[in-house]
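Remarks on the structure that follows.
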Amino acid sequence: MNADMWDEIAPARSVWVITLADLALLLVGFFVLLQANRELDRESLLAGLRAGFGVEDAAPAPMAVAAARVEGFAEGSAIADMSGAIVWARGAARDPRTRITVTGSAERARDVDPATGSAAILAADRARAVAAALVRSGAADPARISIVTDPGKRRAVTLSVGFAGGAN
């Protein structure tokens, strides 16, 4: 075949028709996916994902047995007096079977991170600051701390200690 023969071959279909058909099939597939997941509950979806990755059972969430709160955060700040939380964590986390959950909160309306304008980032910064203070002071092992954010509630960090079962 040489370059002169290309002029003799006419295209069978226009390229835009193939692109249009691809887009239409993607749209139909999207609506089928939406319809199929309409009645799927969260637990069965998670069970299917765990089975797909070879995980037998989900680890149960620790049963909360005590809680404390760090308050006194200025608007847009992650700095507060954490001495009470450190004393509380030393006593609450003596048992190696417990886990500490540190939940950072920020008021959505005015209480936001100055750099990003996000209440969620400020809540995460507050939780991280409290968790770092617990680790620095030796009040808790970093492997036994979980950080959670809950923006939109109050200017505080809530600490809860939970019983997670047998020691690792």
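Sequence positions, counted from 1, serve as the residue numbers for this chain. All values reported here derive from a predicted model rather than from experimental measurement.
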Ile79: which other cluster members, linking ILVMFWY side chains closer than 4.5 Å, directly or transitively? none
Does the side chain of Arg126 pick up a donor-acceptor pair with the side chain of Ser105 at under 3.5 Å? no
Hydrophobic cluster identity match, Val130 and Val148, side-chain contacts under 4.5 Å: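 Hydrophobic grouping puts Val130 apart from Val148.
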Same apolar cluster (I L V M F W Y, side chains within < 4.5 Å links), Leu122/Phe73: no
Exercise: identify the closest heavy-atom pair between [X] and [Y]:
X: Val112; Y: Ala119; result: CG1-N, 3.9 Å
X: Val161; Y: Ala92; result: CG2-O, 3.6 Å
X: Trp88; Y: Leu159; result: CZ3-CB, 3.7 Å
X: Ala123; Y: Thr149; result: C-CG2, 4.0 Å
X: Gly104; Y: Ala127; result: N-CB, 3.6 Å
X: Ala80; Y: Glu71; result: CB-O, 3.9 Å

Audit row: Leu134, Ile86, side chain to side chain contact (heavy atoms under 4.5 Å, CB included) steps and yes/no: CA-CA 6 Å; Leu134 295 178; Ile86 292 169; 4.1 Å; yes
Between [atom1] on residue [X] and [atom2] on residue [Y], distance to nearest 0.5 Å:
X: Leu26; Y: Leu33; atom1: CG; atom2: CG; result: 12.0 Å
X: Asp111; Y: Glu75; atom1: CG; atom2: CD; result: 5.5 Å
X: Arg128; Y: Ile145; atom1: CZ; atom2: CD1; result: 12.0 Å
X: Thr101; Y: Ile147; atom1: OG1; atom2: CD1; result: 10.5 Å

Looking at side-chain heavy atoms only, is the closest gap between Thr158 and Asp150 below 4.5 Å?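 Not touching, per the 4.5 Å side-chain cut-off.
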side-chain contact (heavy atoms from CB on, under 4.5 Å) involving Asp125 - partner list, sequence neighbours excluded: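 Partners of Asp125 under the side-chain contact (heavy atoms from CB on, under 4.5 Å) test: Ala78, Asp113, Ile121.
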